[in-house]
Each structure stands twice: as structure tokens, then as C-alpha cells.
**Q** 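Quick one: the structure is below, and I'll ask about it shortly.
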2 protein chains.
Amino acid sequence: MTARRAYDSAGTAARILDVAEQLVQVRGFNGFSYADIASELKITKAALHYHFAVKADLGEALINRYATRFISALAEVDGSAVPPPAKLAAYADLYAQVLRRRRMCLCGMLAAEYQTLPRGMQDAVVSFFDENESWLAGVLRDGREGGSLRFAGADRDAARMIINCLEGAMLMARPYGDVSRFRAAAASLLAGFTPVTAQVPGLAAAAQPA
Amino acid sequence: MTARRAYDSAGTAARILDVAEQLVQVRGFNGFSYADIASELKITKAALHYHFAVKADLGEALINRYATRFISALAEVDGSAVPPPAKLAAYADLYAQVLRRRRMCLCGMLAAEYQTLPRGMQDAVVSFFDENESWLAGVLRDGREGGSLRFAGADRDAARMIINCLEGAMLMARPYGDVSRFRAAAASLLAGFTPVTAQVPGLAAAAQPA
DNA sequence: GTCTATACAGCGATAGAC
DNA sequence: GTCTATCGCTGTATAGAC
């Protein structure tokens with residue numbers, strides 16, 4: 001069992017995770033090796049194994065840290081008392097921030113490689129998406145009840161729709177090296193949930209560039 | 001240059017491509033080896049190298065064959081004189097067929113691994129998506145002109161939106177082993193393009209299950 | 001906690017016989 | 001067109017000194 005634990009942000013373990021995270025998000029879990037991390041950090045492979053005995057341990061730690069950060073970013077959005085449409089925009093912006101660093105969503109990348117992952121990583125990936133879905137479903141429910149969001153079907157299905165589209169938009173934006181593709185997709189996705197009276201000006205403009 | 005060429009469907013090269021295609025769609029290009037194909041076909045790795053000297057050659061052949069088939073399936077849809085909304089449904093169904101075999105779209109998988117691919121494969125992946133986008137944009141334009149489809153913004157942006165959502169829905173459906181997730185997402189996506197008068201009954205039902 | 005050194009399997013790829 | 005045999009390299013992982 002690998003409970004989610006914190007990593008001293010200056011410690012070696014955290015620096016290993018930083019480098020590994022970038023490598024997975026850019027190249028995939030099957031696309032990098034301990035040697036890549038070692039050379040980047042100028043330590044030896046053996047030192048890496050001291051911190052993460054086997055690659056699966058490193059992978060699980062990676063997902064757990066990523067999920068913890070992501071979920072806490074969502075909690076922060078909840079803390080700021082913004083209306084549901086702005087929460088959705090903030091959610092999409094979390095994705096955009098990842099893409100701006102030329103990375104894929106960590107768990108989106110791992111979703112592609114899912115069948116090759118050790119069991120613990122698979123479960124952690126699914127948990128990540130389940131938590132995202134729950135958070136979004138809550139925002140959507142509040143928004144619909146309050147009249148600031150409009151959509152057909154169940155909260156849960158709409159939440160899944162949003163995750164699908166944002167992950168897909170990230171996936172497609174990277175081969176084109178084009179963040180604006182993502183922005184346009186996100187904007188028009190969210191516009192579909194927003195009654196005209198509550199459109200977010202910045203995003204609506206991005207959806208249909210002048 | 002690797003011009004798109006045909007493969008005798010009974011020949012060894014074609015059988016190699018069949019196995020490799022499945023492996024890439026399930027495990028990714030970095031997730032399988034020549035040894036995997038060899039053992040499946042009960043030939044040696046050396047024999048594989050006779051047909052595809054280096055792995056990049058195999059990869060390009062894979063994409064080109066896949067693209068040829070996919071585009072010809074689209075041409076077939078065009079041949080049947082169905083209305084634009086049905087063409088979109090047929091397009092989504094091509095994705096569903098892939099997913100039903102527990103596979104990811106070949107080029108969607110390669111999009112995730114994009115940064116690790118040899119140049120020729122990268123270009124072939126982008127071409128695949130460009131062709132998809134063009135086909136969809138044509139359908140969307142016809143549909144809007146004829147009044148059977150309704151959407152905001154440019155044909156091209158709407159086409160990208162559809163590709164994003166379908167690829168994302170495939171990506172997410174696989175970890176959950178749940179094709180119905182994809183069906184629901186595709187149905188509600190297409191419903192957003194379809195005026196009420198032209199809803200496709202089967203799909204609309206799937207979007208909001210009873 | 002990091003090192004040197006190494007084990008050992010797997011990888012893509014090649015040479016040369018048949 | 002397929003084989004056996006092998007190469008050189010990289011992969012994950014370990015042992016044991018410091």
C-alpha cells in the first residue's frame with residue numbers, strides 16, 4: 001500500500017518526482033528510464049533506487065502527488081466564492097497551464113498507456129478521474145440549480161463529457177504544438193454549458209477569434 | 001519517402017502489420033517489441049526485419065495503412081447518400097468499432113507518444129488528423145447549409161471539436177473498460193450539432209438512458 | 001544517502017547460411 | 001523469405017563500500 005504522503009519540496013525524492021513527472025507527461029511512462037532522471041539530476045541510478053525501489057513505486061508516487069495537488073487546486077477554487085461558470089473556466093485553465101508547459105495531463109498520458117501499467121498505477125489513475133468527475137458533477141449541479149449553468153442529462157454524464165473533451169483537446173493540441181487549439185476547444189465546450197446571460201467574456205472571445 | 005502502398009492481405013507483411021497494429025493500439029508504440037510480434041506469428045525477429053528493416057518503417061507503414069483504410073471508410077460514407085447528421089453518426093461509429101475491440105485509435109495513441117516518435121511517424125499522424133478534419137469540415141458545411149446541422153463558429157473549429165471529444169472519450173473509456181461511456185459521450189456530442197427536428201433516435205436515446 | 005560495480009534480461013538490428 | 005547466431009546497447013534492479 002502506498003498512502004499518499006508529502007515530499008519535502010527541497011529533498012531528493014521531490015526533485016526525482018519533479019523530473020520524472022515531466023518525463024512521463026512528455027514521453028510517457030514507457031518512454032523514459034531511470035538513466036534519464038539520473039543524468040538530469042546528476043546522481044546515479046542506484047541513488048534513485050534508494051528512494052523508489054522499483055519503477056512502479058515511482059509511478060504510484062507520481063500519480064498520488066499529482067492527484068493531491070490537482071484536488072487541492074480544485075478545493076482552492078471552491079474556497080474562492082466564484083459562481084459555477086467561473087469554476088468551470090478555472091478547471092479548464094488548470095489543463096491549459098499544463099499544456100502551456102508542453103505537457104500532457106499526467107493521468108491522460110497514463111490512460112493511453114493504461115494496459116501496460118502495474119496494477120497500483122492503474123487504480124490510482126482511475127481514482128484521479130473519479131475525483132475529478134465528482135468535483136465537476138458538484139459544480140454542475142450547483143450551477144444548474146442556481147440557473148448559471150444549463151445542460152441536458154445527468155450531472156455525472158456532463159462531468160464526464162467535460163473531462164473527455166479537455167483531455168482530448170490536450171491530446172490533440174500537442175502534436176500541433178498549438179495551445180490556441182486547446183483554448184478554442186475549451187471555450188466552445190464551456191460556452192455550451194453557459195446561458196447567454198452568464199458568458200465569460202474572455203473565453204467567449206477566444207472561442208471565435210476576430 | 002514512404003508512399004502509401006497496399007499489402008497483400010494474406011502476405012506476411014500484412015500479418016505483421018495486423019499484429020503490430022493491435023499492439024500499438026493497446027500498448028503504444030513504446031510498449032511492444034519485435035519479439036512480441038515474432039512470438040505471436042511464430043516467426044523470428046530476423047524475419048520481421050526483412051519486411052520492416054527498422055521499427056520506424058513498421059510504424060510509418062502502420063499509420064499509412066490505417067489512414068488509408070480510415071479515409072476510404074469515410075469515402076464510403078460519402079458514397080451512401082445519407083444526410084450530414086447520419087454521416088457524423090457514422091463517423092462516431094468508426095471510433096466505437098475500434099473501442100469495441102478494446103483498442104485506442106491508432107493515431108490517438110501515437111498522439112500521446114508523439115514526442116518520442118521518429119519524424120516520419122510524427123508527420124503521418126498529423127496528416128491523418130488533418131484529413132479527418134477536412135472530411136468533417138465538409139460534412140459540417142453541407143449540413144449547416146442544408147439546415148440539418150446547427151453549430152456556432154467555423155466548420156474547421158467544429159470539426160476539431162468533434163475529433164477532440166471522440167479521441168478524448170476513447171482515451172477515457174479504456175481505463176474504465178466501458179464502451180457505454182463512449183457511446184454516451186458521442187451521442188451527447190452529436191446531439192449538440194443536431195436541430196431537434198433531425199435527431200437520430202438511436203443516438204438520442206443513448207445520450208439520456210432511461 | 002550516494003557511490004562504484006555489476007548482474008541479467010530485453011531491446012533493435014545485422015551477418016550469413018539455407 | 002526465413003532461419004540461427006550474435007552484436008552492442010539500454011533497461012531495471014541489486015550488492016556492498018563509503
Side-chain angles (χ1 to χ4, degrees), chain A residues 2 5-24 26-63 109-110 113 115-122, chain B residues 2 5-24 26-63 109-110 113 115-122:
Chain A
T2 310
R5 51 177 266 244
Y7 292 91
D8 173 359
S9 62
T12 304
R15 290 167 57 230
I16 293 169
L17 290 173
D18 290 341
V19 174
E21 185 175 81
Q22 188 255 20
L23 285 166
V24 174
V26 172
R27 306 179 53 88
F29 191 71
N30 297 324
F32 81 100
S33 72
Y34 271 39
D36 295 325
I37 305 173
S39 79
E40 175 71 27
L41 292 180
K42 284 159 187 150
I43 59 177
T44 60
K45 291 187 289 172
L48 293 180
H49 281 284
Y50 169 79
H51 295 280
F52 302 98
V54 299
K55 203 183 179 186
D57 293 343
L58 173 58
E60 280 192 55
L62 232 29
I63 304 169
M109 180 65 84
L110 296 176
E113 299 178 290
Q115 312 252 35
T116 72
L117 301 180
R119 191 61 202 274
M121 289 183 66
Q122 290 183 334
Chain B
T2 309
R5 52 177 266 247
Y7 293 91
D8 173 358
S9 61
T12 303
R15 290 168 57 232
I16 293 169
L17 289 173
D18 290 341
V19 174
E21 185 174 83
Q22 188 256 15
L23 285 166
V24 174
V26 171
R27 306 180 51 89
F29 192 71
N30 296 325
F32 80 99
S33 71
Y34 271 39
D36 295 325
I37 305 173
S39 78
E40 175 71 26
L41 292 180
K42 283 161 187 148
I43 58 176
T44 60
K45 289 190 293 170
L48 293 181
H49 281 283
Y50 169 80
H51 295 280
F52 302 97
V54 300
K55 203 183 179 187
D57 293 343
L58 174 58
E60 280 191 55
L62 232 28
I63 304 169
M109 181 65 84
L110 296 176
E113 299 178 290
Q115 311 253 37
T116 72
L117 301 179
R119 191 60 203 274
M121 288 183 66
Q122 291 183 333

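Chain letters run A, B, ... following the sequence lines, proteins first and then strands; every chain starts at 1. Since this is a predicted model, take the numbers as computed values, not measurements. We use all heavy atoms of the structure for the numbers below, so side chains are in, but hydrogens, waters and symmetry mates are not.
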**Q** In whole Å, what is the span from the NE2 atom of A:H49 to the P atom of D:dG11?
**A** 11 Å
**Q** In whole angstrom, what separates A:Y34's OH from C:dC8's P?
**A** 20 Å
**Q** By the 4.0 Å heavy-atom rule, please label A:F52 as base, sugar-phosphate, or nothing.
**A** nothing
**Q** Please determine if a side-chain N or O atom of A:S33 lies less than 4.0 Å away from the OP1 or OP2 oxygen of D:dT10.
**A** no
**Q** Counting heavy atoms from C-beta on, name the nucleotide in D:dG1, D:dC3, D:dG11 closest to the side chain of B:H51.
**A** D:dG1
**Q** Between atom OG1 of B:T12 and atom CG of B:L48, what is the distance when rounded to the nearest 0.5 Å?
**A** 9.5 Å
**Q** Ignoring hydrogens and angles, write down the donor-acceptor pairs under 3.5 Å from the side chains of residues 31-45 of chain A, residues two or more places apart or on other chains.
**A**
unit_1	atom_1	unit_2	atom_2	d
A:S33	OG	A:A35	N	3.2
A:S33	OG	A:D36	N	3.4
A:Y34	OH	A:F52	O	2.8
A:Y34	OH	A:V54	O	3.3
A:Y34	OH	A:K55	N	3.4
A:D36	OD2	A:S33	N	2.8
A:S39	OG	A:D36	O	3.3
A:T44	OG1	A:A47	N	3.4

**Q** Hey, could you give me the CD1/CD distance between A:I63 and A:E60, rounded to the nearest 0.5 Å?
**A** 7.0 Å
**Q** What is the distance from CD1 of A:I37 to P of D:dG11, rounded to the nearest Å?
**A** 11 Å
**Q** Where the side chain of B:A35 is defined as all heavy atoms beyond and including C-beta, which of D:dG11, C:dT4, C:dC11 is the nearest nucleotide?
**A** C:dC11
**Q** Please report the shortest heavy-atom distance between A:R27 and B:Q115, naming the atom on each side.
**A** NH1-O, 4.5 Å
**Q** Using rotation axes that map the C1' atoms of four end pairs onto the next four (five pairs an end), what angle separates the end axes of the helix from C:dG1-D:dC18 to C:dC18-D:dG1, to 10°?
**A** 0°
**Q** What's the shortest heavy-atom distance between B:Y7 and B:A14, and which atoms?
**A** CB-CB, 4.0 Å
**Q** Provide, to the nearest angstrom, the distance between the CG atom belonging to B:N30 and the P atom belonging to D:dG11.
**A** 11 Å
**Q** Minimum heavy-atom separation for B:E21 to B:L62, with atom names?
**A** N-CD1, 3.7 Å
**Q** Looking at every strand, decide which applies to B:Y50 at a 4.0 Å heavy-atom threshold: base, sugar-phosphate, or nothing.
**A** base
**Q** Starting from C1' on C:dG10, measure out to NZ on B:K55 and report it in whole angstrom.
**A** 12 Å
**Q** Considering only D:dT14, D:dT4, D:dG11, which nucleotide approaches the side chain of A:A46 most closely?
**A** D:dT14
**Q** A side-chain contact here means heavy atoms from C-beta on lying under 4.5 Å apart; do B:L58 and B:L17 qualify?
**A** yes
**Q** Taking only side-chain nitrogens and oxygens of A:T12, does any of them come within less than 4.0 Å of OP1 or OP2 of C:dG1?
**A** no
**Q** To the nearest Å, how far apart are B:F32 CZ and C:dC11 P?
**A** 11 Å
**Q** What is the separation between atom CG on A:D36 and atom C1' on D:dT10, rounded to the nearest whole Å?
**A** 10 Å
**Q** What nucleotide among C:dT4, D:dT12, C:dA13 has an atom nearest to a side-chain atom of B:K45?
**A** C:dA13
**Q** Distance check needed: D:dG11 P versus A:L58 CG, whole Å only.
**A** 15 Å
